[in-house]
Enquirer: 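Sharing a structure here in structure tokens format.
Quick caveat: nothing in here was measured; it's all calculated off a predicted structure.
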There are 2 protein chains.
Amino acid sequence: MKKAATELTGVKEIARRANVSIGTVDRVIHNRVGVSEKTKQKVNAIIEELNFQPNKMASLLATRKSMNFAVLIPAVSADTDYWSFPLTGIEQAAAETKQFGVSVKHYFYDLDSKESFTKASHELLNDAPDAVLLAPSFVEESAVLAAKLDELKIPLVFINSDLADQNNLAYIGPDLYQSGRLAAQLISLSLQQQDNVLIVNISSDLKNDHHLVRKEHGFKKFFEDAGSKTKVATLNINETKLTAVEQSLMQTLDASPDVKAIFVTNSRVNIVAEILKKHNRNNTLLVGYDFLKKNIDYLVSQQITYLICQRPKEQGYLGIMALYKHLFKVSEVERSVYMPIDIITKENYLFYNS
Amino acid sequence: MKKAATELTGVKEIARRANVSIGTVDRVIHNRVGVSEKTKQKVNAIIEELNFQPNKMASLLATRKSMNFAVLIPAVSADTDYWSFPLTGIEQAAAETKQFGVSVKHYFYDLDSKESFTKASHELLNDAPDAVLLAPSFVEESAVLAAKLDELKIPLVFINSDLADQNNLAYIGPDLYQSGRLAAQLISLSLQQQDNVLIVNISSDLKNDHHLVRKEHGFKKFFEDAGSKTKVATLNINETKLTAVEQSLMQTLDASPDVKAIFVTNSRVNIVAEILKKHNRNNTLLVGYDFLKKNIDYLVSQQITYLICQRPKEQGYLGIMALYKHLFKVSEVERSVYMPIDIITKENYLFYNS
DNA sequence: ACAATTATCGTGTACGTACACAAATTGATG
DNA sequence: CATCAATTTGTGTACGTACACGATAATTGT
């Protein structure tokens, strides 16, 4: 560790070389008005030559900017702790950017209630944040919010699911179709000639749950593309209570004895695991989603074979970071960032975090 | 975006409340000598009360520290481009920390030559860096270097493989044993009753390649723990040329027709893939390591079924970051960081980067 | 030719912290 | 109580950039 050599650096050096004051250099850098074309060229040439990068710390220190970010995501419910992971990532990013003047305010909505979403989004708009991170679970309501934010020129980043035709800064989340394909591949690798497969959608509002549909689509497409003879049936269950799922599922399974693998299109795979365990079906290949406590438990007990995850924590982290980078002009932000599709098993789940 | 309220903040506010000068506050914060116990207590109490966090930017700006990091890793060879990934991560971290005064110098060695390692490590020591990131491929030579660095009190971080009993700051890399177990699990999920498995170690110096041994160990242990009847044989090939591998491998395979799965314990799995393709063995399950161009090609053509990866890019990135955080006192550094063990297939490889 | 604009440029202060140096206080000693 | 040293505390300047304001130069109008 040593002190830097004491030669002029930064704007001062540029100013010296260009025979102007640092004020003028400053104006050129921020292309403000009030500098002649000639000197502007001269200064820009020197900036180019020196490959000058402004000292971010000094500039941040000088501006004393402060930004309020708003985050609108589902609340962590008793039903699922999925959203605790993006939240952790968001908090981590908040901690890292705090020293640069970023403060993050949270707004939560209930996944079962569109009204709660609308209400929270009104609160959010009232607070006039400088940027918004949104998990657009409700398509139409989210579009309304996105439109308003666009009007107010407040940058918006989606996480977890995308919304088409929106003028958002970025999307950070999974490729659902492809994750369905992956599930299909994993299952197909363990299937015998005569085995069949069952897709289980568990959702109280399947029509609006584009998530599940896209995954199912990818799953089926894989078997189609492979020219496989495997029969793929779908079971839609529009209640999320165990007993309701149990009745519906067992009825189906009893009627089709060749089902050797089940693909649950969301994190409720632990419900299916519980049912299979209860009925002593231990040789069914079970694939589902998300690194939740309950799911991991069944992964360890081998009721669940594979869990597919898409780095929920990183989604939150990268979402905040994208806004930060954009507003503080740290770097350009990619329009779409698809998360890796991770496969979690009994043998690697321990290392999935950190 | 708005200006922060114009009230006193930071050391000034502390100084005001404690009725001392900012110089004294500064002394307390860095617990320098020359401040009476009484005022030290007083100031510390106020720091506590305000939950004061020094402004990193201002402090960095004021100190104008600059640090030289040295990186000693294998050169990217024609044989494998594996080390290009850690390198990318290192360069990314270097770019991010550059503005904080970090400069990173690279030293490369040849994986086939201990002399090149020794030579490079001498150069490194000559340059007296402030910190070192090391991939300790050669155990003894690395231990020598580590000891010298320890003597000079230069912090050292290992990536990619660990070295026992060294006084290093951190290790960032894979858990090899567990990755072997994972390979075993993946294979076992596709195995029939009567199928057998072959482990293939391809290395010109297997005795010293603790990597492969640890993976093999984990692999075998999985089948043991599962109480499986599957026969697991091992084939050691101490040449890396295709023809040599081909001869050895095909001889073994011809002699044991029940081998339905092959586990190659390193990234040379593409050699095996090429051989199997040549001999029209398309229904063998093949599992190996690392996200290399050649391997991905065979993954796409389905010659390789699974690739196991341990985020080489992140290893480089986190390695540099650990040194940065330590030297700039940003945060504490974890002693061991095990990378997630990722499973890559034809259906998810596209999303593995970024 | 002169004032009145307007375009261009320079200067000073601030951001929050670090550190060298100066100043003030304390305590001991003759 | 004066003197000196040791201890404790205060002050000033620097880091590199931002920006308000004042100063100068170029242009226009009469």
Enquirer: Hey, does B/Val25 have a side-chain heavy atom less than 4.5 Å from the side chain of B/Lys12?
Expert: no
Enquirer: Taking side chain to side chain contact (heavy atoms under 4.5 Å, CB included) as the criterion, tell me which of B/Leu156, B/Leu134, B/Leu72 meets it with B/Ser142.
Expert: B/Leu134
Enquirer: What residues, two or more places apart in sequence or in another chain, satisfy side-chain hydrogen bond (donor to acceptor under 3.5 Å, both in side chains) together with A/Thr118?
Expert: none
Enquirer: Checking B/Asp127 now: which residues fulfil side-chain contact (heavy atoms from CB on, under 4.5 Å) with it, not counting sequence neighbours?
Expert: B/Lys105, B/Tyr107
Enquirer: Starting at CG of A/Leu61 and ending at P of D/dT17, how long is that distance when rounded to a whole Å?
Expert: 12 Å
Enquirer: Rounded to the Å, how far apart are B/Arg32 CZ and D/dT8 C1'?
Expert: 14 Å
Enquirer: Does any residue of residues 49-57 of chain B have a heavy atom under 4.0 Å from DNA chain C, and if so, which ones, in number order?
Expert: B/Phe52, B/Pro54, B/Asn55
Enquirer: Which letters describe nucleotides 4-13 of chain C, given B = protein heavy atom under 4.0 Å from base, S = only from sugar-phosphate, - = neither?
Expert: ----BBBB--
Enquirer: Report the C-alpha separation of A/Lys148 and A/Glu151 in whole Å, then their side-chain angles, then the decisive distance to 0.1 Å, and conclude whether the salt bridge (Lys or Arg N to Asp or Glu O under 4.0 Å) test is met.
Expert: CA-CA 5 Å; A/Lys148 282 184 192 158; A/Glu151 210 174 298; over 6 Å; no
Enquirer: Can you give me the bend angle of the helix from C/dA1-D/dT30 to C/dG30-D/dC1? Use the axis through the first five pairs and the one through the last five, nearest 10 degrees.
Expert: 60°
Enquirer: For A/His30 and D/dG16, give me the distance from atom NE2 to atom C1', rounded to whole Å.
Expert: 12 Å
Enquirer: Measure the distance from CG on B/Leu60 to C1' on C/dC19 and round it to the nearest whole Å.
Expert: 16 Å
Enquirer: When you check the phosphate oxygens OP1 and OP2 of D/dA14, does a side-chain N or O of B/Arg64 lie under 4.0 Å from one of them?
Expert: no
Enquirer: Using whole Å, what does the distance between atom P of nucleotide C/dG16 and atom CD1 of B/Ile29 come to?
Expert: 14 Å
Enquirer: Does B/His106 have its ring centroid less than 6.0 Å away from the ring centroid of B/Phe108?
Expert: yes
Enquirer: Tell me the interatomic distance from B/Lys12, atom NZ, to C/dA18, atom P, rounded to whole angstroms.
Expert: 13 Å
Enquirer: Quiz question: by atom type and distance under 3.5 Å, do the side chains of A/Thr88 and A/Tyr317 form a donor-acceptor pair?
Expert: no
Enquirer: Quiz question: by atom type and distance under 3.5 Å, do the side chains of A/Tyr82 and A/Asn160 form a donor-acceptor pair?
Expert: yes
Enquirer: In whole Å, what is the span from the CZ atom of B/Arg16 to the C1' atom of C/dG16?
Expert: 16 Å
Enquirer: Would you say the side-chain atoms of B/Gln315 pair up with the backbone N or O of B/Gln310, donor to acceptor, closer than 3.5 Å?
Expert: yes
Enquirer: Answer yes or no: is there an ion pair linking B/Glu49 with B/Arg17, defined by an N-O contact shorter than 4.0 Å?
Expert: yes
Enquirer: Which nucleotide in the list D/dA18, C/dT17, C/dC15 gets nearest to the side chain of B/Ser59?
Expert: C/dT17
Enquirer: Can you tell me which nucleotide in C/dA18, C/dT17, D/dA18 comes closest to the side chain of B/Ala58?
Expert: C/dT17
Enquirer: Quick one: side-chain hydrogen bond (donor to acceptor under 3.5 Å, both in side chains) partners of A/Arg311, sequence neighbours excluded?
Expert: A/Asp342
